[in-house]
Amino acid sequence: MSGRWRPLTRVGAQVWSLVAVLALVSVGFASLSDRFADLDNLRNVLLQAAPTMIGAVGMTLVIAARGIDLSIGAIANLALALALLGAGTRSEAALATDTTWLVYPIAIASGLALGTLNAVATNVLRLSALITTLGTLTLYRGLGLHITAAGLIAVRGPILAFGRAQLWGIGVPVFAAVLMAVAGWVFLSETPTGRRLLAVGGSPRSAVETGLRTERLLVVAYAASGLCGAIAGLILVGRVGVVNPDLGYGMEFTVITAVVLGGTSLFGGRASMFGTVLASLLLTTIDNGMTLIGADPYAYDVVRGVILLIAVSADAASAHMRSRRSPVIPELRA
Amino acid sequence: MTPDPPERALLGVASVGKSFAGIPVLQDVSFTADRGEILMLVGENGAGKSTLKNILSGLIAPDSGAVHFAGRTLAALSPADADRLGIGTIHQELSLFENLSVAENIHLPRLPQRFGRVDRKRMEAQSRAVLQDRLGAAIDPWTPVEELSLGERQMVEIAKAIHRSSSLLILDEPTTCLSLPERARLFDAVRRLRDHRYAIIYITHFMEEVYELADRITVLRDGRVVGGGTPRDMPQEALMRRMVGRDLAELTTVPAAVADDAPVMLEVDRLGDGVAVHEVSFCLHAGEILGLAGLMGAGRSEVAELLVGLRHGEGRVTLAGRAFVERSPRMALERGLVLVSEDRRRDQAFLNRAVRENLSAAMLPVVASGPLGLLALDRERQAAEQAAMTFHVDHPGLEAFMLALSGGNQQKAIVGRWLQRAPRVCILDEPTKGVDIGARAEMHRLIREQAAAGVAFLLISSDLPEMMALAHRVLVLHKGRIVGALSRAEAEAHRILALASTGRVS
Amino acid sequence: MRKAYLQIGLAAALLTAPTAFDAASAKDITIGVSFDKIEPFRVAEKKALTDAIEAAHAKMDFANADKDAQRQASQVDTMVSQGVSAIIAIPWDIEAANDLARSTIAAGIPFVSLDQALSDLKSVTYHIGGDPCADGKVAGEFFVKAAAGKPFKLLELQGGLANDNGIRRSRCLDDALKAAPNITIVAQVPTDWNPQKALDGTENALQAHPDLAGIYAPWNDALQGVFSVLKAKNLLLPVGDPKHITIVSIDGTPLGCKAVRDRLIDLEIATPLPEMSRRAVAAAIKASQGGKIEPQAEFLPGIPYGPDNVKAMASKIWGCQG
Amino acid sequence: MADLPTAPPRVMRRGVSLAALLKLPMLPVLLVAFLALSVSIDGFVSAANLANMARLFAPLAIAAIGLTFVFLLGEIDLSIGSVLSLASVLGALTMRGTASVWLGVMVMVATGALIGALNGAVIAWFRFSAFVYTLGVLVTARAIAMLITGGHSVGRLPFGALRFGRGTFAGLPWLLWIAIAVYAAAHLFLRQTVIGREIALVGANRRAAVFAGLRVRRARFTGFLVSGTLAGLAASCIVLRLGSGGPILGDNILLMAIAAVVLGGTSVFGGEGGAFRTVTGALVVVTLDKGLNLLGLAFYDQAIVMGLVIVLGSALGGYLYRRRTGRA
């Protein structure tokens with residue numbers, strides 16, 4: 001028997017069915033709009049996918065450890081609100097808030113702190129992650145809106161730099177997203193802490209018996225998720241130039257969809273960073289393509305829904321094909 | 001009894017006590033274990049062995065008493081302490097990460113690293129060293145554990161504990177899934193560790209293991225130390241009396257003979273699934289106990305799963321004279337064929353549901369009435385109470401979670417679940433695995449009683465004394481095929497083992 | 001219990017009746033205000049309303065339904081049972097609000113709808129709002145004029161797809177454009193009033209149609225997203241520049257006014273917020289004192305203004321002041 | 001077999017015992033919140049306000065009880081909100097078209113049941129991932145409702161609708177009676193029927209349920225069927241109370257229902273929980289929602305308090321539960 005290092009197990013098939021769906025969708029859009037298959041458009045898609053992708057990278061770590069972070073969008077909102085509070089001055093003449101470079105350390109520190117708070121609350125209060133982050137989703141959003149008084153704050157200065165900067169004609173957020181995804185992948189597959197995180201997600205009971213410091217590892221995962229939320233928030237705000245109450249609203253849904261669609265198991269222990277990236281791209285491509293072909297606004301959600309249903313059927317069908325020859329009855333297959 | 005005062009030996013347990021919800025499980029327990037010796041910790045289930053093991057591996061803290069280790073006194077250990085002190089534990093319920101590789105399982109929580117990355121080369125070399133060189137197990141270090149058989153997983157669990165420990169190794173019933181050669185290799189490894197000045201605490205209830213390995217024996221009963229000494233001080237009879245607190249005479253009983261005119265209850269003709277089972281044919285009569293022997297992975301459990309429809313396959317099954325074609329667990333139950341499968345936690349117990357519901361899970365059609373399928377809760381409760389009494393399930397209340405029961409009582413409750421249905425044919429897959437001597441004897445008595453009442457049993461067991469004590473005939477499986485059928489007179493341990501291991505009569 | 005709350009309603013009506021003859025002072029009047037949601041424009045709207053109520057020396061009891069018709073119904077019912085003098089509501093569900101208004105009026109309490117019109121205007125005591133359809137039409141006519149018979153590609157951003165104001169601003173624009181076959185709407189992008197989505201939509205539309213000539217951004221918050229895309233493409237040019245993309249927006253917030261003053265957008269249609277609020281409060285107080293409200297519904301069309309006349313118009317546009 | 005089982009006396013006694021009440025993790029929080037709000041708000045315990053709260057409570061509790069079935073199975077149904085929306089649109093259109101309130105209600109329940117059955121069938125037989133599949137249904141059903149109405153809500157319903165939705169019977173709002181009936185039915189169903197038991201056992205350990213010959217697929221199917229049907233019934237309650245249905249009517253209900261279910265103490269991992277727990281969870285959600293509003297807090301400050309209560313309340317409930325069961 002000879003084996004090889006298999007960093008992230010049993011996700012291959014799902015990633016392939018995702019590749020197939022993404023290819024199908026792309027070919028469809030390309031045939032309807034000649035501007036779809038275009039280098040400029042690829043740049044757009046990547047740039048628009050960046051916030052989702054970054055959020056999804058953090059969420060992949062959390063879900064791999066058998067957690068969930070519903071508060072990621074609220075963290076994006078609150079971290080940016082805190083950043084403005086700490087490093088913004090309202091300029092009445094320009095109707096905008098001037099910012100200093102301090103917004104970056106403040107937003108990032110806030111993201112890390114809020115994520116850590118999620119983990120600490122889960123650990124100390126012994127709650128399920130779902131309850132904790134459902135609570136902090138509400139709490140963080142309330143705090144964020146409290147700071148901005150639910151108003152729209154136009155921003156200027158260094159806060160815009162990250163979202164708008166370009167390198168070789170490609171938006172810096174794209175590099176950030178790729179970097180985060182690679183870092184996430186290396187972390188999960190190559191570092192001892194990443195492997196321990198997968199172990200905790202795979203079997204919390206074994207983790208205790210093996211002497212893994214589950215609580216510390218969860219802090220790492222949730223802090224990473226908070227960090228990713230804050231970075232996603234910085235990109236969104238940097239690009240659009242406002243901190244608005246809807247910032248990050250519903251982000252948790254998109255991001256969790258991307259992670260699960262990408263083949264990471266909600267029951268922990270199995271993760272696919274590559275799948276997460278692909279699924280983030282798929283979700284963005286749908287919106288992008290719909291606008292390019294000038295679709296009816298009411299059709300957007302129909303297409304989104306149908307593609308989700310196709311993706312899940314493709315996955316179920318491939319699982320069926322794979323296990324067709326096993327004598328074990330379907331109910332007992334994993 | 002103790003050669004050293006507790007603080008002088010490597011490990012000294014001094015007057016340790018522990019209660020759960022007010023019920024004492026350990027009282028004033030003291031013993032020592034020193035480098036270079038194998039201490040056998042024997043006792044029935046519920047005697048407190050597992051609690052003691054959990055205290056020593058840092059999973060729970062004792063209420064009173066202290067643990068001395070290498071000259072230091074600790075009120076309690078944490079898993080991290082255990083790790084630092086070099087205490088390795090093999091838990092009875094495997095504590096592996098199925099989603100990770102063998103090598104990672106062996107090394108966690110301290111993975112070797114280079115420049116912040118996992119050092120795979122070193123990890124692979126160290127895994128091979130412990131797996132192949134020490135235990136002689138040909139398991140590739142990069143295989144995910146989920147792809148291993150139960151026996152292989154047990155070897156990984158052992159390798160993991162050996163790798164972690166540098167001073168004390170605790171083994172809790174480590175051989176339940178092992179074939180004979182694997183078991184022999186494990187014993188070799190354990191002896192070699194002793195020679196390397198390890199202290200070994202070996203928890204078991206298998207008598208032959210006690211006398212094969214022990215340097216010293218400590219007996220636990222009802223949470224107290226009730227005896228100890230060298231194997232020479234304690235012959236088997238005396239040891240068992242200490243453990244159980246009463247004499248056991250049933251070991252010599254012979255099962256009642258099967259009547260010549262007993263009807264055929266189960267007839268199996270060329271059963272197979274194309275993967276694990278091939279052309280298995282046999283007959284089972286009313287009142288007969290038919291043993292199905294073989295090594296782990298020989299296809300024994302798969303035969304059982306084929307019979308009740310948990311696997312698809314070909315071949316004909318005739319149940320009480322009628323063909324049994326559309327096989328499913330539900331149809332099997334209706335036709336009077338039940339399976340008590342091996343993996344209790346995974347496949348049988350509803351751990352976070354009430355004991356009552358666990359007992360009645362196979363009785364639902366019986367306690368339901370009317371077109372709506374309403375449950376007669378009173379009847380269900382009575383039946384459950386009755387079953388708990390009949391099958392000696394010791395429980396804190398029928399509404400308590402199944403989780404609250406000890407392993408042995410869980411097993412009795414599950415066997416009770418199935419036998420309540422008064423089946424014609426009962427398949428028992430490792431019915432006494434992880435069960436203490438008292439419960440095991442009760443289980444054997446029960447099987448004999450039921451067989452005498454006409455139930456046909458197909459008994460799958462790795463425990464050869466059990467097989468020889470119970471079975472009228474023994475079939476031996478090798479690589480999914482029946483390679484021998486032995487009558488009671490022919491069924492001797494070495495013959496069964498030879499057939500099971502090689503597929504041929506030696 | 002229905003009887004109980006009718007009684008309380010009646011009692012409240014009776015209690016407020018004597019003050020009807022004391023029209024000079026509104027000191028004992030509490031106006032229950034129910035908003036459909038809180039977002040930047042509503043924050044401004046709330047402030048305008050608060051100012052108007054203070055100016056009338058009345059008290060305000062405020063509740064936010066947060067995009068939930070049930071919660072709004074419950075909040076209004078509570079205000080009724082607490083005996084407020086009148087209700088001013090921005091309805092979230094323009095159908096459900098009909099029955100809410102009727103039952104409130106049946107309990108003897110006037111119901112004034114603000115900003116968002118109910119589907120059946122007869123069910124309220126008084127409605128005062130903008131005229132989303134008129135605004136959309138003005139925008140459409142402006143684009144027709146701007147296109148001047150030449151081919152013209154237009155991007156239409158949309159607010160909430162299930163929001164009546166949003167739907168009307170869109171539909172009436174489309175109606176006005178029917179007269180000009182030279183104008184093509186290249187995309188209608190749903191945004192849920194979210195500037196981030198407006199940004200992505202604009203970026204994608206520009207990708208598909210680099211020769212885009214006009215953008216319809218029917219609420220001011222969308223402008224930030226639009227500008228940031230145009231800036232990245234070097235298309236954020238002042239009105240009058242040959243490559244300038246024609247932009248029309250609605251709302252009249254300070255940010256909108258600033259965009260006009262910076263000559264970045266061609267036309268802004270300002271909702272007359274302070275006037276709307278004043279009239280709503282006046283009607284609520286008058287009705288609570290038994291007065292008759294004529295006319296029963298008023299629609300204040302938005303005030304269009306552009307870079308060329310912003311100086312002259314500034315005094316009429318709330319967003320251009322202060 | 002002929003004798004229908006009467007309610008066993010032992011069970012009834014247990015139903016009201018103090019120990020059984022303490023099993024409900026949210027009860028102390030509910031009591032404290034209710035007392036605090038009654039003291040600090042005039043008229044919080046008035047008949048009008050309680051009736052008002054009851055009308056908010058009913059649809060939430062009904063939808064959350066449906067979700068409880070799915071959670072008991074160890075599954076999730078993300079589609080209930082948009083199923084509710086779609087059902088409300090179809091039901092309201094029917095009411096307006098036929099002038100029959102009852103036909104409308106039947107259409108709503110049937111829509112919910114139909115989508116629930118489809119969800120159940122696909123998940124139980126084709127083994128789709130419940131999370132991704134119901135997410136797809138969430139998006140699609142809402143989109144269909146949008147397409148049908150063009151985004152408008154559907155109002156101007158027959159007069160009888162509102163009379164029922166805002167009316168009372170024997171002093172209690174009709175909607176509350178419906179919620180009570182649903183609770184009672186769900187409680188009995190889970191407690192006293194074979195399928196109910198199978199749902200809990202399948203959730204506790206699916207493999208063991210297969211080995212025990214339980215009808216696993218039927219149980220999973222039924223769970224999603226109930227969830228969809230009750231979403232349809234919740235839609236009826238809202239439509240009858242508001243006099244309108246619409247494509248975004250159910251947008252808020254999913255998160256609120258999840259909050260009610262988990263706050264009530266039903267496990268996300270299956271096998272543990274029940275209808276009564278969910279009722280207490282829904283009571284907490286409604287009491288706070290209404291109470292904080294009456295206190296006059298800004299909506300974001302309400303959110304802050306609500307978030308703190310969810311976290312700290314669940315922690316307190318969990319602590320009391322562990323102390324009672326003696327688990328460390």
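Protein chains get the first letters and strands the later ones, always in sequence-line order, with residue 1 at the start of each. This one's a predicted model, so the numbers in the text were calculated from it and none came from an experiment.
- Counting heavy-atom pairs closer than 4.5 Å to chain D, the top-ranked of the candidates B:Leu333, B:Leu310, B:Val367 is B:Leu310.
- Neither the backbone nor the side chain of B:Ala400 comes within contact range of chain D, judged by heavy atoms closer than 4.5 Å.
- Enclosure of atom CZ in D:Phe131 by more than 12 non-hydrogen atoms of other residues, nucleotides or ligands within 6.0 angstrom is indicated.
- Heavy atoms closer than 4.5 Å to chain B are found in both the backbone and the side chain of D:Arg215.
- With hydrogens and angles ignored, the 3.5 Å screen pairs no side-chain donor or acceptor of B:Gln348 with any backbone N or O of D:Ala208.
- Each of D:Val194, D:Val210, D:Leu214 has some count of heavy-atom pairs under 4.5 Å with chain B, and the biggest count is that of D:Val194.
- Remark: side-chain polar atoms of D:Asn205 are not paired, donor with acceptor, to backbone N or O of B:Phe350 under 3.5 angstrom.
- When each of B:Val308, B:Val338, B:Leu339 is paired with D:Phe211, the side-chain contact (heavy atoms from CB on, under 4.5 Å) condition holds for B:Leu339 and for no other.
- Only the side chain of B:Arg353 comes within less than 4.5 Å of a heavy atom in chain D; its backbone stays farther off.
- With a 4.5 Å cut-off on side-chain heavy atoms, D:Arg191 and B:Leu377 count as touching.
- To the nearest 0.5 Å, atom CG of residue B:Leu375 and atom CD1 of residue D:Ile195 are 10.5 Å apart.
- Taking CZ of D:Arg207 as the reference point, atom CG of B:Asp347 lies at 4.0 Å (rounded to 0.5 Å).
- Only the side chain of B:Glu380 has a heavy atom closer than 4.5 Å to any heavy atom of chain D.
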